[in-house]
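First the structure, in the form of structure tokens, and then the observations on it.
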Amino acid sequence: MNSDKELYYLDFDKLFENYADKYYAEHEDEYDSPDDFARDLDLVYSTWATSPQEALGGIAPAAFFDNIPADELIDILKGSCAGDGNPSSLLFDRIAEEPSLMGELCSLARGTADEKLLTVTLSLIAELGGGTNEFYLDMLERTDVDSCVKDMCIETLCSRAEDVKGILIERAEKTDDVGMIELYAEVLSYCPLGDDKILKILVTLLNLDPNTAYIAGLMGRYGDDRAAQYLYPLLDSCDYATFIEVRNAIEELGGNVDDNYRDFSDDPLYALLKGKKK
């Protein structure tokens with residue numbers, strides 16, 4: 001194997017793109033259109049990944065990554081995410097085969113605010129089975145990361161809602177940050193229904209948060225039919241888009257709202273959906 005570590009940072013996506021272009025040119029008569037070829041891209045990629053490549057000194061890309069020592073992979077990941085670079089899926093696959101790297105990946109995630117690096121790192125952590133609840137809860141509290149990063153943490157926590165219920169209820173009760181209460185409520189809405197504290201958090205959020213449709217959706221998902229009484233009054237003054245979401249939530253909770261409850265003929269969205277002109 002070529003020992004020049006600069007090869008670690010080759011644009012492997014570009015290498016494959018060049019290979020795919022050449023492959024298509026050589027096999028164009030086998031396809032009715034480029035769209036037909038696109039359906040074969042996974043197979044073409046697999047062929048490329050297991051075929052010797054001149055740019056790698058005659059080594060196949062998959063073998064190239066397989067030969068990289070595990071203790072170098074995290075540094076390669078960081079380098080691959082620098083600037084406009086992106087890590088190869090082969091690097092991702094290689095790291096995902098190394099459970100021993102979980103600790104380093106979690107440390108990397110905790111220590112960076114770079115959205116691209118964080119997104120890739122969190123995906124790898126998930127691929128390896130996921131970090132601890134404490135890890136995701138800590139990530140949720142950070143003020144220096146993008147919302148899409150928190151969304152990834154929320155997704156994992158939602159699958160563990162019952163395990164983290166207590167700490168999220170406690171945090172929701174102690175903060176006046178509406179944005180954070182929203183995040184907590186998103187997870188809590190996946191808990192088994194019947195908890196008075198969760199219902200109270202949702203009702204409190206409904207009174208604080210301007211995103212009425214979103215909170216109504218959380219109430220509908222949680223499923224506690226006691227929430228319907230707080231949703232019915234909203235039907236009288238909301239716009240049509242919010243009306244739809246609130247009505248859906250009420251119906252999820254076992255209630256009923258007549259289709260002709262209000263006249264929305266002057267609402268732009270209603271007019272658009274009904275094919276009318278305002």
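For the single chain, residues carry numbers from 1 onward in sequence order.
- K200 is listed as a side-chain neighbour of T204, based on a closest heavy-atom distance under 4.5 Å.
- Ring geometry for Y31 versus F37: interplanar angle over 60°, hence perpendicular rather than tilted (30 to 60°).
- Nearest heavy atom pair, residue L206 against residue Y230, reads CD2-O, 3.7 Å.
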Inset, instruction - Let me see the working for F12 and L7 under side-chain contact (heavy atoms from CB on, under 4.5 Å), right down to the final yes or no. - result: CA-CA 10 Å; F12 285 88; L7 291 179; 5.9 Å; no
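- Between A60 and A49, the closest heavy-atom pair is CB-O, 3.5 Å.
- The residues D224 and R226 are annotated as salt-bridged, a charged nitrogen and a carboxylate oxygen being separated by less than 4.0 angstrom.
- The two residues A185 and L218 have their closest heavy-atom pair at CB-CD1, 3.8 Å.
- Remark: side-chain polar atoms of S159 are paired, donor with acceptor, to backbone N or O of T156 under 3.5 angstrom.
- Under the 4.0 Å criterion applied to side-chain N and carboxylate O atoms, E162 and K165 are not assigned as salt-bridge partners.
- Here L15 contributes atom CG and S88 contributes atom OG; the two are 9.0 Å apart, rounded to the nearest 0.5 Å.
- At a threshold of 4.5 Å between non-hydrogen side-chain atoms, the residues Y136 and R160 count as touching.
- Here the closest heavy-atom approach between residue V149 and residue M139 is recorded as CG1-CE, 4.3 Å.
- Counting heavy atoms of neighbouring residues, nucleotides and ligands inside a 6.0 Å radius, atom CD of E134 does not exceed 12 of them.
- Across D239, T242, N207, L205, a single residue satisfies side chain to side chain contact (heavy atoms under 4.5 Å, CB included) together with T212, and that is T242.
- Interatomic distance, CG of D177 versus OG1 of T175, reported as 4.5 Å (0.5 Å rounding).
- Around the CD atom of E155, the shell of radius 6.0 Å holds no more than 12 heavy atoms that belong to other residues, nucleotides or ligands.
- For the pair Y184/V187, no side-chain contact is recorded, criterion being any heavy-atom separation below 4.5 Å from C-beta on.
- Relative orientation of the Y23 and H27 rings is parallel, given thresholds of 30° and 60° on the angle between their planes.
- For the residue pair E72 and Y8, a side-chain donor N or O sits within less than 3.5 Å of a side-chain acceptor on the partner.
- Going from atom CZ of F65 over to atom OG of S89 covers 8.5 Å, rounded to the nearest 0.5 Å.
- Using modelled atom types, no side-chain atom of R262 and backbone atom of Y240 make a donor-acceptor pair closer than 3.5 Å.
- When only modelled atom types and interatomic distance are considered, D263 and S265 share a side-chain donor-acceptor pair under 3.5 Å.
- Atom CD of E30 has more than 12 heavy atoms from other residues, nucleotides or ligands within 6.0 Å.
- Note: L108 CG to I125 CD1 = 8.0 Å, rounded to the nearest 0.5 Å.
- Taking the side chain as every heavy atom from C-beta outward, P87 and F92 never approach each other to under 4.5 Å.
- Note on E141 versus R171: salt bridge recorded, some NZ/NE/NH1/NH2 to OD/OE distance being below 4.0 Å.
- Contact record, Y261 with L235: CE2-CB, 3.7 Å, taken as the closest heavy-atom pair.
- Atom CG of N86 is separated from atom CG of D11 by 8.0 Å, given to the nearest 0.5 angstrom.
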Inset, instruction - Show the numbers, then the answer: is there a side-chain contact (heavy atoms from CB on, under 4.5 Å) between K78 and D114? - result: CA-CA 10 Å; K78 290 188 286 188; D114 180 82; over 6 Å; no
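- A donor-acceptor pair is defined here as one N or O able to donate and one able to accept, closer than 3.5 Å; such a pair exists between the side chain of S51 and the backbone of T47.
- Note on D195 versus K197: no salt bridge recorded, every NZ/NE/NH1/NH2 to OD/OE distance being 4.0 Å or above.
- Taking 4.5 Å as the limit, every side-chain heavy atom of D267 sits out of range of all side-chain heavy atoms of F243.
- If you take CG on L91 and CZ on F64, they are separated by 10.0 Å, rounding to the nearest 0.5 Å.
- Other residues, nucleotides and ligands place no more than 12 heavy atoms under 6.0 Å from the CG atom of D176.
- In summary, R221 and E186 engage in a salt bridge, as defined by a charged side-chain N under 4.0 Å from a carboxylate O.
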